[in-house]
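The structure appears below as structure tokens.
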Number of protein chains: 2
Amino acid sequence: PSAVAEAEARARDAVLTKPPGALGRLEELAVWYAGWRDDPRPRIELPQVLVFAGNHGVAARGVSAFPAEVTGQMVANFRAGGAAINQLAEMAGARLDVHALSLDRPTADFTQGPAMSEAEMVEAFRTGWSAVRPESDLLVAGEMGIGNTTSAAAIASALLGGDDWAGAGTGVDAAGLARKRETIAAGLAANPARSGLEVLAALGGRELAAMAGAIAAARMHRIPVVLDGFICSAAALTLWAERRDALDHAVAGHLSAEGAHGRMLEAMGKRPLLDLGLRLGEGSGAALALQILRGAVECHSGMATFAEAGVSDG
Amino acid sequence: PSAVAEAEARARDAVLTKPPGALGRLEELAVWYAGWRDDPRPRIELPQVLVFAGNHGVAARGVSAFPAEVTGQMVANFRAGGAAINQLAEMAGARLDVHALSLDRPTADFTQGPAMSEAEMVEAFRTGWSAVRPESDLLVAGEMGIGNTTSAAAIASALLGGDDWAGAGTGVDAAGLARKRETIAAGLAANPARSGLEVLAALGGRELAAMAGAIAAARMHRIPVVLDGFICSAAALTLWAERRDALDHAVAGHLSAEGAHGRMLEAMGKRPLLDLGLRLGEGSGAALALQILRGAVECHSGMATFAEAGVSDG
């Protein structure tokens, strides 16, 4: 980010017509956004929402409340405009691009070895990387993939330790949750991979690799990112495991109801903007949080200063 | 609210293309909004933001970090489009109406007796009542008034008990905070009023009475309300003290950084939508929270059902 733009934005914030600090987190968000955009008075005009879909070998192990064909059915729903993310992206005036990643070729069952070869992982990562439009000024990366909370929990376990990362996902019952825990344990045993990207290939899925690629590309283009829930955060975690500053251009959009999400964000030093009990994925929580970030930027860039407005500054 | 519209909205929510409950609080918000609008598939198309400004006799006691003339200066800023609420209302596509209430005639110093006569209170209440456009489909009531956190804290103390309702307001120092506490204690001693509207007249201000009037009018018109921070909530509290169901059409927009706000919301049984450390007033937190409510309604009314989208429902 640009230290100059940040400093200029901070100086501007100090003379806007409000008591110092009265806009709370909105003030720090605006300064952060200004730094990444290298613009002390920015706007959010071209936000982009990417939704990646992938199928998972482990879905066959009964780890989800929904059958695997729902991934493809939901892609059709995204394309027809019927999903939650369609409504939220439209409300935000965001471009929405949907990428279905080889849905007829699920990843391998990671209890038996890596979910993806290195080549498969890189292919999906590149799809995500290329999906980011360089002219975008904000990115939300979302996903759809039956079985992918199992994959995300396995990634968290591999990179952060502990064996209590599994949650209810889309609403699995107690027996399903037990199968999920066994699947994750078996996946960790079968995949001794340890670097972030090795773990992404071994325990991830194509949509997670694509999200990681998109988040990395956004950094190169200086496009701030709003992270979504548990699965998006797990994808981001693989980048963070490689480099601790890899997510400096990202803010956590919301705290998911998927139980372990809070701990994952905490590990990465991210404080969520919203806490509304969402657990849908698709980028939905991030698209909603985009409005908070936009509110911050609009106040920062649109408000009058004390001098301009002729208001006494205390 | 309409029980029929609520039931129809709940039935619709159950068949939308998402796992049950996956939109968390957005789902209950949409059902609540549908009930008040008597429409199982509503939209938010005509939101209205009202900002009321008033001056306070107690401002002369040094309870604020800003001089009293800032109230009028900020009204000019609202009219010129330079304040935070202007940016947030515009972003929400909301109509913004600003009402300056006899700024050249501050309320009486309530340490010496009632801030307003009954007639003065009723006049301000009526201004708020009449400011609500019947065709609005959402209302935010905000305020500006140097000294009004002192008034709001005194109201809370009178209606909820306890003497620890004073906070930093716009950023008063320790000596100012001590003066604020003394002023509130003196106000309570000088005004034995006990009903909600008696307290509103005795310890409130014109902008608080106007907000109470607007919130009451919104209920009559079945217009859902998003409450703002500490001062707006204190105005609402005077209605709640009269009738426990007086705020059923209102949701708490955010938790203010003004320390005692959380306890006030808790007393009224309201859980805030946002917690971003705002403490500006003007309706700013509520205008931002409006986007969350709109997101809820957009998802609810815009999403496809499982049957429409051909998605397996688990």
Side-chain angles (χ1 to χ4, degrees), chain A residues 16-26 29 64-67 69-70 73-74 76-77 80-84 86-88 90-91 169-171 256-257 273-282 284 287-288 291-292 294-296 298-305 308-314, chain B residues 16-26 29 64-67 69-70 73-74 76-77 80-84 86-88 90-91 169-171 256-257 273-282 284 287-288 291-292 294-296 298-305 308-314:
Chain A
L16 295 175
T17 44
K18 60 176 179 53
L23 282 172
R25 275 193 84 183
L26 299 193
L29 280 171
S64 175
F66 287 80
E69 58 260 32
V70 167
Q73 293 168 345
M74 281 301 294
N77 196 23
N86 297 96
Q87 322 313 315
L88 295 169
E90 191 180 333
M91 177 179 143
T170 52
S256 166
L273 291 172
L274 301 176
D275 178 7
L276 296 165
L278 308 187
R279 52 178 172 81
L280 178 61
E282 304 179 359
S284 54
L288 199 57
Q291 305 283 3
I292 305 298
R294 179 180 268 149
E298 286 296 309
C299 285
H300 176 84
S301 298
M303 282 174 71
T305 63
E308 285 165 358
V311 173
S312 310
D313 63 355
Chain B
L16 295 176
T17 44
K18 58 174 180 54
L23 281 173
R25 275 192 82 181
L26 299 193
L29 280 171
S64 175
F66 287 80
E69 58 260 34
V70 166
Q73 292 167 347
M74 281 301 294
N77 196 23
N86 297 96
Q87 323 311 316
L88 295 169
E90 191 180 333
M91 178 180 142
T170 53
S256 166
L273 290 171
L274 301 175
D275 178 6
L276 295 165
L278 308 187
R279 51 178 172 81
L280 179 61
E282 305 179 358
S284 55
L288 200 57
Q291 305 283 2
I292 304 298
R294 179 180 268 149
E298 285 296 308
C299 285
H300 176 84
S301 298
M303 282 174 72
T305 64
E308 285 165 357
V311 173
S312 311
D313 61 355

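On a predicted model such as this, the values are computed, not experimentally measured, just so you know.
- Minimum heavy-atom separation, Met74(B) to Thr17(A): CE-O, 3.8 Å.
- Expressed to the nearest 0.5 Å, how far CG of Asn77(A) lies from CD of Glu308(B) amounts to 9.0 Å.
- Counting heavy-atom pairs closer than 4.5 Å to chain A, the top-ranked of the candidates Met303(B), Glu298(B), Arg25(B), Glu90(B) is Met303(B).
- Annotation: side-chain hydrogen bond (donor to acceptor under 3.5 Å, both in side chains) contacts of Asn86(B) (sequence neighbours excluded): none.
- Using a 4.5 Å cut-off between heavy atoms, Ala76(B) makes no contact with chain A at all.
- Within the 4.5 Å cutoff, the side chain of Met91(B) has heavy atoms near those of the Gln291(A) side chain.
- In this structure, Leu26(B) and Leu288(A) have side chains that are in contact, with non-hydrogen atoms separated by less than 4.5 Å.
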Stepwise side chain to side chain donor-acceptor pair (under 3.5 Å) test for Ser312(B) and Glu69(A): CA-CA 8 Å; Ser312(B) 311; Glu69(A) 58 260 32; 4.5 Å; no

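- Of the residues considered (Gly302(B), Ala309(B), Ala80(B)), Gly302(B) shows the highest number of contacts with chain A, using heavy-atom pairs under 4.5 Å.
- Comparing Ala287(A), Ala84(A), Gly281(A), Ser256(A) by how many heavy-atom pairs each has under 4.5 Å with chain B, the most go to Ala84(A).
- Proximity to chain B is limited to the side chain of Leu274(A), based on heavy atoms less than 4.5 angstrom apart.
- Between Leu273(A) and Leu276(B) the shortest side-chain heavy-atom distance falls below 4.5 Å.
- Chosen from Asp275(B), Thr170(B), Thr305(B), the residue pairing most often with chain A at heavy-atom distances under 4.5 Å is Thr170(B).
- Considering CD of Gln87(A) and CZ of Arg294(B), their distance stands at 13.5 Å, rounded to 0.5 Å.
- Partners of Ser284(B) according to the side-chain contact (heavy atoms from CB on, under 4.5 Å) rule, which considers only residues two or more places apart in sequence or in another chain, are Leu88(B), Leu280(B).
- The CG atom of Leu278(A) sits 11.0 Å away from atom NZ of Lys18(B), with the distance rounded to the nearest 0.5 Å.
- Between chain B and the options Ala257(A), Gly171(A), Ala83(A), heavy-atom pairs under 4.5 Å are most frequent for Ala83(A).
- Closest heavy-atom contact between Pro19(B) and Arg279(A): CB-NH1, 4.4 Å.
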